[in-house]
Each structure stands twice: as structure tokens, then as C-alpha cells.
Amino acid sequence: MAIAPDRNLALELVRVTEAAALAAARWVGRGDKNAADGAAVDAMRHMLSTVPMDGLVVIGEGEKDHAPMLFNGERIGDGTPPEVDIAVDPLEGTSLVARGQPNALAVVALAERGTMFDPGPTFYMEKMAGSDDIADLLSLTDPVEDVLARVADRRGIDVGDLMVVLLDRPRHADLVARIRAVGARIRFIPDGDVAGALMAVRPGTGIDLLVGIGGTPEGVIAAAAIKATGGAILGRLWPSDDAERADVVAAGLDPARVLTTDDLVRSDNCFFAATGVTDGDILRGVRFERGTAVTQSMVMRSRSGTVRVLDARHQRSKLRGLAGTRYG
């Protein structure tokens with residue numbers, strides 16, 4: 001029996017990411033990542049309060065005492081149904097914006113209440129992501145050399161033809177050496193592993209695989225997008241020291257457990273929205289023109305598998321009338 005369509009919240013969430021992107025874009029290249037992040041958070045929170053939902057922030061800007069806006073556990077929306085979990089990253093790539101570099105995004109993910117993985121005190125996660133055709137080949141327990149060989153064999157290419165994306169961090173020195181030793185190529189990104197995961201699962205980006213250790217919140221957000229686009233992401237909590245490991249265990253989490261896409265987001269009805277702040281592999285950044293601002297966004301819903309790319313032109317004078325000076 002066919003299921004009647006219900007409200008696509010992704011089409012409402014895109015207003016939220018557009019607002020955050022427009023606010024953050026005023027700070028591109030100005031060297032102040034905190035100001036860029038603060039502008040994005042303020043604009044996102046302002047718009048989230050208008051969305052018809054009873055939202056609980058599961059992945060936010062930290063704990064209440066340290067993050068006055070969009071903190072973990074905050075209730076957002078107008079309080080009406082549906083009840084949902086929300087993961088937010090008002091500005092993925094604060095340093096990218098400060099330096100005027102590519103792939104900064106404003107992102108929001110949403111799922112039915114109680115279905116998003118709560119990483120507790122763990123900030124980092126070991127990850128691997130790839131598209132549908134290689135989803136069954138991914139592994140965080142097999143050597144990365146074996147995974148690369150399987151992916152190349154499945155695609156009928158040499159290992160040297162593969163392109164792997166990972167964050168440019170000292171902690172990846174051994175991983176980088178092993179990837180290079182088997183001849184695969186590497187695309188280093190300075191920040192932004194939600195964008196990196198999307199590059200690995202979407203066609204036409206030239207990226208075959210995302211690997212490495214990145215933010216746990218970004219892993220949950222990426223999983224919501226991947227539920228709609230197809231592909232898979234694996235994650236394993238990566239405590240940065242013994243004290244954090246003890247906190248993870250005390251929270252009832254197993255740092256050795258490999259988490260699948262469905263572990264990270266259990267719902268089959270989740271939503272994702274992202275708007276480009278700076279130009280990137282996935283989306284164009286904000287462009288300010290005479291009297292207008294132009295944005296490009298991606299909105300997804302897992303139940304239908306629909307992915308929309310939306311171009312919008314905003315009248316800046318009217319935006320100022322609605323939201324003050326947030327958008328410049």
C-alpha cells in the first residue's frame with residue numbers, strides 16, 4: 001500500500017541553512033573565525049525558532065554553560081509536532097571562512113525523536129565513507145590497504161587511480177604513508193569532513209573514499225545525508241586521551257564498536273539541508289550582488305531518496321526588514 005506524502009521538513013530547513021550561510025559569508029577572508037561562527041549560529045537559531053516542529057538538539061554547539069545558543073539538549077522550533085532530533089553545524093569550516101578557502105557549509109540534519117546517535121563526551125570519530133557500489137567493501141577493522149585493493153578491483157581500475165580524501169592533520173601521518181605506499185592518490189582538506197563525506201558518496205566529484213579521524217558530530221550529520229543519497233559511512237569513537245576514554249565508557253559507550261550508517265541515524269525518515277558559504281566541490285558559495293544575495297543549497301529526504309539542489313536569489317533590503325542586520 002502506498003504511503004501518503006507528509007511534510008518535507010528539508011524544504012523548511014533550507015531557509016535555516018540559507019540564513020546561516022548569508023550571515024557567515026559576510027566574514028569570508030576577514031580572518032575572524034569566531035565572528036563568522038557567531039554570525040552563523042545567531043542566524044540559524046533565529047530561523048529555527050520559526051520551523052513548525054518540536055526539536056531537541058542532539059548535536060549542537062556544546063553544553064549549555066559553554067554555548068549560549070544551539071547547545072546540546074536545547075528545545076527549538078515552535079513546539080508543535082513532529083517531535084524530532086536535530087544535529088546542527090551552523091558553520092562547518094570556520095577556519096575555511098576566515099581564510100577564504102573552499103567547501104565551507106551551513107548544515108542541519110533532522111530525524112525522528114530518539115533516532116540520532118548521541119556521541120556523549122567523544123569529540124572525534126574514525127570514519128570511512130563511500131558510494132553505493134562499494135558500500136559493502138568498507139571496513140574499519142581491515143587494513144586500509146585491503147580496502148583500497150577491493151575498491152579498485154570492484155571498479156575495474158588500478159589502486160593508483162583511486163582518490164582518497166582526508167583531513168590534513170598530523171594524526172594521519174601513518175595512514176597517509178600507508179595509502180601512499182600502495183600507490184593511491186590523496187586529496188587533503190583543511191577542514192570540513194561533512195563536505196568530504198558527501199564528496200565520497202556523490203558522483204562526479206572525483207573522490208572514491210573518505211578515510212581518517214574527524215569530528216563525531218560531523219559523522220552523525222553526514223550519516224543523515226548519506227541515508228538519502230545512498231552509500232555508507234562507518235564510524236568508531238576515537239577518544240583523544242585516557243580521561244576521555246574513561247568518560248566514554250562511563251557514558252555506556254563502547255569505543256571499539258564500529259557504527260554503521262543505521263547506527264548513527266536509525267530513522268528511515270530523516271532530512272538534511274546544506275547551503276554553501278564558500279565555493280566548493282558540492283555547492284557554490286554565497287554571492288553578493290547589487291541589492292541581492294545568491295545562494296545554492298542541497299536538500300535531501302531519506303524516505304523518498306530525493307536530493308534537490310536549489311538556487312535562490314534573496315532581496316537584501318527585504319531580508320534586513322525581517323531579520324535586522326544579520327545578513328548585511
On a heavy-atom basis, the closest approach of P102 and G280 is CB-CA, 4.4 Å

Find the distance between CE (M53) and CD (E83) and round it off to the nearest 0.5 Å.
12.5 Å

Quick check on the hydrophobic clustering: are M44 and V14 connected, directly or via other members, by side-chain heavy-atom contacts under 4.5 Å?
no

Could you give me the CA-CA distance, side-chain angles and deciding distance for L237 and F123, then say whether side-chain contact (heavy atoms from CB on, under 4.5 Å) is met?
CA-CA 8 Å; L237 301 179; F123 186 76; over 6 Å; no

Under a 3.5 Å distance rule, please check whether R180 uses its side chain to pair with a backbone N or O of L175 as donor and acceptor.
no

Sub-4.5 Å side-chain heavy-atom contact between Q101 and T278:
no

Taking NZ, NE, NH1 and NH2 as the nitrogens, is one of them in D136 or R154 under 4.0 Å from a carboxylate oxygen of the other?
yes

Okay, side chain of N72, backbone of G60: is any donor-acceptor separation there less than 3.5 Å?
yes

Geometric cation-pi criterion R236 and Y124, 6.0 Å radius, 45° cone:
no

Is it possible for you to say whether V151 and I207 belong to one hydrophobic cluster, with membership spreading through side-chain heavy-atom contacts below 4.5 Å?
no

Assess the residue pair R75 and L56 against the criterion (side-chain contact (heavy atoms from CB on, under 4.5 Å)); give the C-alpha distance rounded to whole Å, side-chain angles, the decisive distance to 0.1 Å, and a yes or no.
CA-CA 5 Å; R75 304 297 286 266; L56 178 68; 3.5 Å; yes

With L13, which of V299, V88, V108 fulfils side chain to side chain contact (heavy atoms under 4.5 Å, CB included)?
V108

Whether the side chain of T275 engages the backbone of S297 through a donor-acceptor N/O pair (distance < 3.5 Å, no angle test) should be reported.
no

Can you establish whether the number of heavy atoms outside D311 located under 6.0 Å from its atom CG is more than 12?
yes

Can any side-chain N or O of N103 pair as donor or acceptor with the backbone N or O of D281 at less than 3.5 Å?
yes

Hydrophobic clustering (ILVMFWY, side-chain heavy atoms < 4.5 Å, transitive) - are V220 and L253 grouped together?
yes

On a heavy-atom basis, the closest approach of T295 and V286 is CG2-CG2, 4.0 Å

Does one hydrophobic cluster hold both W27 and F288, with members joined at side-chain heavy-atom distances below 4.5 Å?
no

With the side chain counted from C-beta on, respond yes when F271 and R301 share a heavy-atom pair under 4.5 Å apart, and no when they do not.
yes

Is it true that K33 and D191 make a salt bridge, defined as a side-chain N closer than 4.0 Å to a carboxylate O?
no

Side chains of L198 and F272 in contact at under 4.5 Å (non-hydrogen atoms):
yes

Just so I know, are the side chains of K127 and L234 near enough to count as touching, which here means a heavy-atom distance under 4.5 Å?
no

Taking atom CE of M199 and atom OG1 of T205, what is their separation to the nearest 0.5 Å?
6.0 Å

Is V277 close to E92 at the side-chain level, that is, under 4.5 Å between some pair of heavy atoms?
no

Could you tell me whether the side chain of I179 reaches within less than 4.5 Å of the side chain of E145, counting heavy atoms only?
no

Taken in chain and number order and not counting sequence neighbours, the residues that satisfy salt bridge (charged side-chain N to carboxylate O under 4.0 Å, His left out) with R266 are none

Please name the pair of heavy atoms, one in G219 and one in L264, separated by the smallest distance, quoted to 0.1 Å.
O-CD1, 3.9 Å

Output for pair (I221 CD1, L105 CG), nearest 0.5 Å, gives 10.5 Å

Gap separating the CG atom of D193 from the CD1 atom of I213, nearest 0.5 angstrom
11.0 Å

Could you work out, with salt bridge (charged side-chain N to carboxylate O under 4.0 Å, His left out) as the rule, every residue matching D208, not counting sequence neighbours?
R155

Do I76 and V57 have side chains that approach each other closer than 4.5 Å (heavy atoms only, starting at C-beta)?
yes

In terms of heavy-atom contacts, A129 and A200 come closest through O-CB, 3.6 Å

Quick one: pull up CZ in R287 and OG1 in T292 and give me the separation to the nearest 0.5 Å.
12.0 Å

Okay, side chain of K227, backbone of C270: is any donor-acceptor separation there less than 3.5 Å?
no

Can you list the steps and then say if I189 with L166 is a side-chain contact (heavy atoms from CB on, under 4.5 Å)?
CA-CA 6 Å; I189 53 176; L166 75 164; over 6 Å; no

Do D262 and T260 have a side chain donor and acceptor closer than 3.5 Å?
no

With distance as the sole test, does R15 use its side chain to make a donor-acceptor pair with the main-chain N or O of L11 at under 3.5 Å?
no

Check the pair L210 / V201 against side-chain contact (heavy atoms from CB on, under 4.5 Å), numbers first and verdict last.
CA-CA 9 Å; L210 166 81; V201 300; over 6 Å; no

Contact between R150 and S139 at the side-chain level, heavy atoms closer than 4.5 Å - yes or no?
yes

Main-chain N/O of E289 paired to R316 side chain as donor or acceptor, under 3.5 Å:
yes

Quick check on the hydrophobic clustering: are I134 and L148 connected, directly or via other members, by side-chain heavy-atom contacts under 4.5 Å?
yes

Pairs meeting criterion salt bridge (Lys or Arg N to Asp or Glu O under 4.0 Å) with involvement of residues 102-115, two or more places apart
D54-R113, D85-R113

With salt bridge (charged side-chain N to carboxylate O under 4.0 Å, His left out) as the criterion, how do D161 and R185 come out once you've worked through the C-alpha distance, each side chain's angles and the decisive distance to 0.1 Å?
CA-CA 7 Å; D161 296 330; R185 301 175 298 149; over 6 Å; no

Under a plain distance cut-off of 3.5 Å, with no hydrogens placed, do T80 and D78 share a side-chain donor-acceptor pair?
yes

Nearest atoms (heavy-atom pairs only) where P119 meets I59:
CD-CD1, 3.5 Å

For residues V107 and A274, report the shortest heavy-atom separation together with the two atoms involved.
CG1-CB, 3.5 Å

As an exercise, state the distance from CG of N269 to CG of L110, rounded to the nearest 0.5 Å.
9.0 Å

